[in-house]
Amino acid sequence: MSKFNGKRNYMSRFAPFLIALAICLGGSTVFAQDDAGGPTSPGVAIRAYWSTNAVAAGGSSELGLLFSVPPKHHITDVEFGLFFVEIADTLGLDFGDPIFPKGEPFQDEVCYRGDVLVRVPVTASAQAIVGNHIISLSGGYQICQEYGQEVCFLPEDKVVTAQTEIVPSGTQVVAANERIFTGGKVAEPEEPKGLEARLMAALAKGSWTAFFVAFLGGILASFTPCVYPVIPITIGYIGGASAGKPLRGLALSLIFSLGIAIVYSSLGLFAAATGTLFGSISGSPVVNIIIALVFGMMGISMLGAFDIALPSALQTALVGGSTKKGFFGPLLLGMASGLVMAPCVGPVIVALLAWVAQTGDLFYGWALLFTFSIGLGLLFLVIGTFAGAIQALPRAGSWMEVVKKGFGWVLLAGALYMLRLTLPESIYFASWAVLLITFSVFSGAFDPLTEDTTPKQRIGKALTLIIFLIGGIFLFKSFYPNAIGGNVAASHSELEWMVNKEEQAIDQATSSGKTVLIDVYADWCVACVELDEKTWIVPSVQNRVDDFVRLKLDFTKETPWVAEMKKKYRITGMPTVILQEGDREITRFTGFKPAEEFIALLDQHNL
């Protein structure tokens, strides 16, 4: 049943007659003329806002319809029946009678100027349909001009959509749009900024453009820092396994991209269906070690030592060979590379997973995740094909063997990179020292020069000697870590956090009126470590959050308490950083954010 201003029935019966009479009489001071010389209605922008971030089943909220009246204009009194709001009950939501604000006196009448908020009480039944929805409602008004030729324009009706999220009963909701509902100045609505925001806006509309946004998101995500280590690895393996055949390089690149798609679509759905945090698998030290072993095994195979370590069947599968089994290698590499890139693509994946979890539409979610993965793999399709083309350039000679071995060293470097957060720092630097020194020795750093040595060969020898020296520095640093460069982190004091003391932190913030900074992290989360080492350690950030109540929630191991906190704070990926006042959330973000961007976020919310 439609709910509307109860006084509208009485006057709406006569409104058409009043309008028709005014038009017939041609009263230019009553309604605007349609001729070219008369004034025209500037219109009134109408926007819908919720007083909470979501509506819980069995709970209540308030929907506000904001009429933005242009300067030197006003809306006529609600008593005339032309200023109204109509909305029908739907989705298990019951909409009460609109509550109009108190008007201002104008001549012998009452009018409304500026930003006019009409409130509609909303009650959700226990059976309300959970998920993201778009609700349509209509608003009507008659606007009048107060300057020059004082005219009242013909009444206008507009259909407005309200983006609505209904959450399960018992889910905590927080206040939203407080400046609007408390009478503060309303800022102009902004277009969604950032890839994640645009994706969520497209998903909320149920638009098929979400697939395009997801595909574009994959392409943009392929240029983030976590993807950089995978690029030389891709060139290394596909360039070596293509055997100088560009078409084979294209085929291997397709299989490589398919491996990426399989990882994200499968792990994403697993996380959405089971509630497991995205990243708990990809960030696991065990998984990182396995990936490093895969990269190292492939690198050794490129260097020609593979036949000693593995049976010929597996060697054929990994190196490529001439059979169809050769496609297992790039598929495995693509899947491993997908896990390497997880920290940087996390925010977009989290946006997709949050939507999948809310709607329960796993197939549509899988399709979106797969589309995103295809976009992410597009760069590697181009790079892999190009790598195959490079191998096709030399017709004969030792050049192809040199390139293949070079790719093998790149894969070994990639294996060490995967262990950067798993190995102790001293062992990590020692491993790099061994790799660099071994590379320089096998590359001829100490081979004697002859009279026939070309300038190009001399430059190459100089470069290998430099690499040898770098390896020596790394070896020295592994034994004396503070001797070179010192401990940069030690020069800055670390922030003090309350760890897992959630109730105590919220109570302290509520009693003191301070802002709460919540950092949800895990030991296996690479981006979490980046936040600690690159953002929370920056003095300017520390100064800004010095007066905050700082709380860390450790989600390293899955426990009943962690499950409770995940549900309470709606955590779908890590790191998640939440800023709130007491129990009221101000803003949040998922993934790594550098210091300058975090400070900009604080400035945006006047914190």
Side-chain angles (χ1 to χ4, degrees), residues 225 227-246 248-249 252-253 292 295-309 318-320 333 337 379-380 382-420 428-478 484-485:
V227 179
Y228 299 158
V230 181
I231 293 176
I233 291 170
T234 307
I235 296 175
Y237 181 75
I238 296 180
S242 60
K245 301 176 182 179
R248 179 170 176 79
L252 293 174
S253 302
F295 286 176
M297 188 167 54
M298 291 179 174
I300 294 173
S301 72
M302 292 291 179
L303 295 175
F306 213 70
D307 54 335
I308 300 175
L318 289 174
V319 176
L333 182 62
S337 299
L379 173 67
F380 301 100
V382 175
I383 290 176
T385 304
F386 178 70
I390 291 178
Q391 280 278 31
L393 291 177
R395 295 290 180 179
S398 60
W399 171 252
M400 290 179 67
E401 188 65 22
V402 171
V403 171
K404 181 178 178 180
K405 289 184 177 180
F407 289 154
W409 290 109
V410 169
L411 285 169
L412 291 177
L416 276 183
Y417 176 83
M418 285 305 304
L419 299 174
R420 67 194 185 283
Y428 181 66
F429 277 106
S431 300
W432 270 108
V434 171
L435 179 65
L436 294 176
I437 291 173
T438 303
F439 170 78
S440 62
V441 170
F442 277 86
S443 298
F446 299 100
D447 291 351
L449 296 177
T450 64
E451 295 181 357
D452 298 330
T453 302
T454 64
K456 185 177 180 180
Q457 290 173 326
R458 293 177 184 273
I459 294 174
K461 182 179 178 63
L463 291 176
T464 56
L465 286 173
I466 291 173
I467 292 174
F468 179 85
L469 290 176
I470 294 174
I473 293 173
F474 280 10
L475 185 62
F476 181 77
K477 189 173 178 64
S478 67
I484 303 175

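Since we're looking at a predicted model, the values are computed, not measured.
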task: Verify whether the ring centers belonging to F468 and F439 lie closer than 6.0 Å.
output: no
query: What distance separates T438 OG1 from I467 CD1, expressed to the nearest 0.5 Å?
result: 12.0 Å
field: Pair S440, S443: side-chain N/O donor-acceptor within cut-off below 3.5 Å
entry: no
message: I'd like to check L475 versus F429 (side-chain heavy atoms, cut-off strictly below 4.5 Å). Are they in contact?
response: no
statement: To the nearest 0.5 Å, atom CD1 of I466 lies from atom CG of L436 at 12.5 Å
- request: Working to the nearest 0.5 Å, report the span between CG of L449 and NZ of K461.
  value: 5.0 Å
field: Interatomic spacing from CG in L416 to OH in Y428 - rounded to 0.5 Å
entry: 6.5 Å
- prompt: Which distance, rounded to the nearest 0.5 Å, do you find between the CD1 of I459 and the OG1 of T453?
  reply: 12.5 Å
- request: Flag the pair L465 / F446 as yes when at least one side-chain heavy-atom distance between them is below 4.5 Å, and no otherwise.
  value: yes
- request: To the nearest 0.5 angstrom, please state how far the CG atom of L469 sits from the CZ atom of F474.
  value: 12.0 Å
task: List the atom of S478, the atom of A430, and the distance in Å for their closest heavy-atom pair.
output: CB-N, 3.7 Å
